[in-house]
Amino acid sequence: MAAAAEAAAGGGPGSQPAAQRRLRIISGHLRGSPASRAPEAERLLSPSQCRAGGAAERPVASTIPKKRQEILKWNGWGYNDSKFIFNKKGQAEFTGKRYRLSGMVLPVLKEWMEKSLGASLEHKITSRAFLNTSDVPPSIVNEEFLQDLRATKISYSQEAEDRVFRAHGHCLHEIFVLREGMFKRIPDIVVWPGCHDDVVKIVELACKHNLCIIPFGGGTSVSSALECPADERRTIVSLDTSQMNRILWIDEKNLTAHIEAGIIGQDLERQLGESGYCTGHEPDSMEFSSLGGWVATRASGMKKNIYGNIEDLVVHIKMVTPRGVIEKSCQVPRMSTGPDIHHFIMGSEGTLGVVTEVTIKIRPIPEYQKYGSVVFPNFDRGVACLREIAKQRCAPASIRLVDNAQFQFGHALKPQVASIFTSFLDGLKKFYITKFKGFDPNELCVATLLFEGDREKVLQHEKQVYDIAAKFGYDFQGILFLICSVC
Ligand SMILES: Cc1cc2nc3c(=O)[nH]c(=O)nc-3n(C[C@H](O)[C@H](O)[C@H](O)COP(=O)(O)OP(=O)(O)OC[C@H]3O[C@@H](n4cnc5c(N)ncnc54)[C@H](O)[C@@H]3O)c2cc1C
């Protein structure tokens with residue numbers, strides 16, 4: 001590293017002191033290095049100095065329990081109580097009480113499944129209802145490690161269910177394996193550190209006993225990164241971050257919050273909301289995915305047009321690696337000196353270390369939110385409209401073009417209408433779009449929109465976006481309010 005810095009500075013003998021000074025400054029940004037104790041580093045603002053009064057560390061009761069199996073499906077997405085079933089009349093229903101669709105009959109879903117997926121209800125293949133623990137590979141952990149781990153008092157489990165729950169993410173092939181077979185290799189042991197220092201101890205033990213660690217956040221991975229390599233002979237430790245879920249401080253002056261990495265999205269937004277703040281980071285998986293997982297996968301949120309992606313939101317990351325703890329020595333949002341260590345941590349998917357704490361930008365909860373939608377006769381017209389919106393740099397917080405297949409699926413999820421009036425209105429909307437506007441239901445697509453901010457600005461912004469849509473030749477202004485529920 002020193003040689004590289006000298007070369008970059010010109011390489012001559014005269015340039016050596018300058019290169020060394022520069023190197024000292026750069027390494028000063030990393031906590032724990034000798035340079036970070038230099039006077040310049042000491043003058044930087046520390047989190048405790050800028051902590052806002054009253055926003056001290058709070059324990060957060062996680063929505064997802066340590067024993068994930070108590071409320072989550074073992075072989076699919078989401079909660080045990082929320083699933084599609086067919087009632088005695090053969091109609092699809094969505095069970096549970098958690099969502100707007102819960103407890104509702106979905107009269108057209110069955111037909112959509114038969115037509116679009118070629119699925120037949122006569123041909124029943126029920127997936128296994130329970131995990132058969134005798135199918136699960138045994139846990140191989142050496143006794144010396146277990147003794148050392150017990151001494152730390154860190155919670156752990158070698159139970160089959162705990163290990164299987166952390167052996168996968170949510171790729172289609174992973175869910176298929178759960179339903180039809182079993183993974184060849186799964187974690188041998190699950191550990192639940194309660195804080196950064198616990199993670200340091202676990203990583204030290206892993207180095208001492210030559211074990212490998214796979215960090216586990218919310219388990220929503222779609223990159224197969226949680227799967228254990230089938231030929232891994234070392235003991236595999238699943239390090240579940242779920243018990244590290246406290247908001248450690250909120251800095252209302254600088255609009256940042258310092259949070260343990262295991263907090264899941266829904267808990268984070270709820271807790272921040274109690275203080276009037278939000279992060280605005282909303283990946284579709286936010287109900288279950290964790291802050292550390294977002295960092296480790298360089299996640300993107302659906303409201304990125306206003307709030308940015310995770311790389312725009314992160315101010316500071318603390319990560320435990322086999323070579324020690326890595327973090328910047330200050331909490332400023334941006335520095336011009338040296339490479340940004342955050343950029344190799346983000347997207348590292350647990351291969352370099354365990355992210356334990358993150359400082360993230362926060363904002364006051366927006367005063368006003370407005371949803372909308374625009375219908376296009378086909379996908380190409382939709383793309384053209386969204387391109388124009390992008391060109392004019394006026395995209396709302398969220399804008400998504402839903403293709404015809406997704407549109408049809410959305411339509412198939414429509415619950416039974418409650419009143420004659422709603423049914424009449426739905427018929428009218430359908431008539432307006434397909435007969436009056438002449439849109440082919442098998443071609444049309446929809447853009448869904450979400451505007452956020454203060455009321456006046458949202459209304460202005462909304463008008464700007466709908467004016468662009470209208471330039472594409474559609475009389476959207478008049479029908480916008482009518483079409484929303486067709487989507
Ligand atoms: C239905 C669905 C919707 C999704 N929507 C989005 C979306 O809108 N945007 C998006 O970007 N992604 C999305 N994803 C993908 C996934 O949710 C993200 O990658 C998410 O960031 C993973 O977070 P997690 O906490 O679930 O991590 P996990 O699945 O537990 O882990 C993912 C990877 O990160 C590592 N990791 C986890 N925590 C840590 C940590 N503390 N330190 C170091 N490494 C760690 C793991 O080892 C693994 O390699 C979606 C996935 C699904 C199934």
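On a predicted model such as this, the values are computed, not experimentally measured, just so you know. Each ligand, and each atom within it, is numbered from 1 in the order the structure gives.
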Asks: If only side-chain N and O atoms count, and only distance matters, is there a donor-acceptor pair under 3.5 Å linking Asp198 with Gln243?
Replies: no

Asks: Cation-pi check for Tyr79 against Arg98: NZ or CZ below 6.0 Å from the six-membered ring centre and within 45 degrees of the axis, yes or no?
Replies: yes

Asks: May I ask you to check if Arg166 and Phe216 form a cation-pi contact, with NZ or CZ under 6.0 angstrom from the six-membered ring centre and within 45° of the axis?
Replies: yes

Asks: Go through Thr235 and Asp188 one step at a time and tell me if the side chain to side chain donor-acceptor pair (under 3.5 Å) criterion holds.
Replies: CA-CA 6 Å; Thr235 293; Asp188 295 295; 4.6 Å; no

Asks: Report the relative orientation of the aromatic rings in Tyr99 and Phe94; use parallel for angles under 30°, tilted for 30 to 60°, perpendicular for over 60°.
Replies: tilted

Asks: Show the short N or O contacts, below 3.5 Å, that ligand 1 makes with protein N or O atoms; if there are none, say 'none'.
Replies:
{"residue": "ligand 1", "atom": "8 (O)", "partner": "Asp284", "partner atom": "N", "Å": "2.8"}
{"residue": "ligand 1", "atom": "9 (N)", "partner": "Ser300", "partner atom": "O", "Å": "2.7"}
{"residue": "ligand 1", "atom": "11 (O)", "partner": "Ser300", "partner atom": "N", "Å": "2.8"}
{"residue": "ligand 1", "atom": "17 (O)", "partner": "Thr220", "partner atom": "OG1", "Å": "2.6"}
{"residue": "ligand 1", "atom": "17 (O)", "partner": "Ser285", "partner atom": "OG", "Å": "2.6"}
{"residue": "ligand 1", "atom": "19 (O)", "partner": "Thr297", "partner atom": "OG1", "Å": "3.1"}
{"residue": "ligand 1", "atom": "21 (O)", "partner": "Gly293", "partner atom": "O", "Å": "3.4"}
{"residue": "ligand 1", "atom": "21 (O)", "partner": "Thr297", "partner atom": "OG1", "Å": "2.8"}
{"residue": "ligand 1", "atom": "25 (O)", "partner": "Gly218", "partner atom": "N", "Å": "2.8"}
{"residue": "ligand 1", "atom": "25 (O)", "partner": "Ser290", "partner atom": "N", "Å": "2.7"}
{"residue": "ligand 1", "atom": "25 (O)", "partner": "Ser290", "partner atom": "OG", "Å": "2.7"}
{"residue": "ligand 1", "atom": "26 (O)", "partner": "Gly218", "partner atom": "N", "Å": "3.3"}
{"residue": "ligand 1", "atom": "26 (O)", "partner": "Gly219", "partner atom": "N", "Å": "3.2"}
{"residue": "ligand 1", "atom": "26 (O)", "partner": "Thr220", "partner atom": "N", "Å": "2.9"}
{"residue": "ligand 1", "atom": "26 (O)", "partner": "Thr220", "partner atom": "OG1", "Å": "2.6"}
{"residue": "ligand 1", "atom": "29 (O)", "partner": "Gly219", "partner atom": "N", "Å": "3.4"}
{"residue": "ligand 1", "atom": "29 (O)", "partner": "Thr220", "partner atom": "N", "Å": "3.0"}
{"residue": "ligand 1", "atom": "29 (O)", "partner": "Ser221", "partner atom": "N", "Å": "2.8"}
{"residue": "ligand 1", "atom": "30 (O)", "partner": "Gly217", "partner atom": "N", "Å": "2.7"}
{"residue": "ligand 1", "atom": "30 (O)", "partner": "Gly218", "partner atom": "N", "Å": "3.2"}
{"residue": "ligand 1", "atom": "30 (O)", "partner": "Gly219", "partner atom": "N", "Å": "2.9"}
{"residue": "ligand 1", "atom": "41 (N)", "partner": "Val355", "partner atom": "O", "Å": "3.0"}
{"residue": "ligand 1", "atom": "42 (N)", "partner": "Val355", "partner atom": "N", "Å": "2.8"}
{"residue": "ligand 1", "atom": "47 (O)", "partner": "Pro215", "partner atom": "O", "Å": "2.6"}
{"residue": "ligand 1", "atom": "49 (O)", "partner": "Glu349", "partner atom": "O", "Å": "2.9"}
{"residue": "ligand 1", "atom": "49 (O)", "partner": "Glu349", "partner atom": "OE1", "Å": "3.2"}

Asks: Tell me, which pairs form a salt bridge (charged side-chain N to carboxylate O under 4.0 Å, His left out) where one or both residues lie in residues 218-230, sequence neighbours left out?
Replies: none

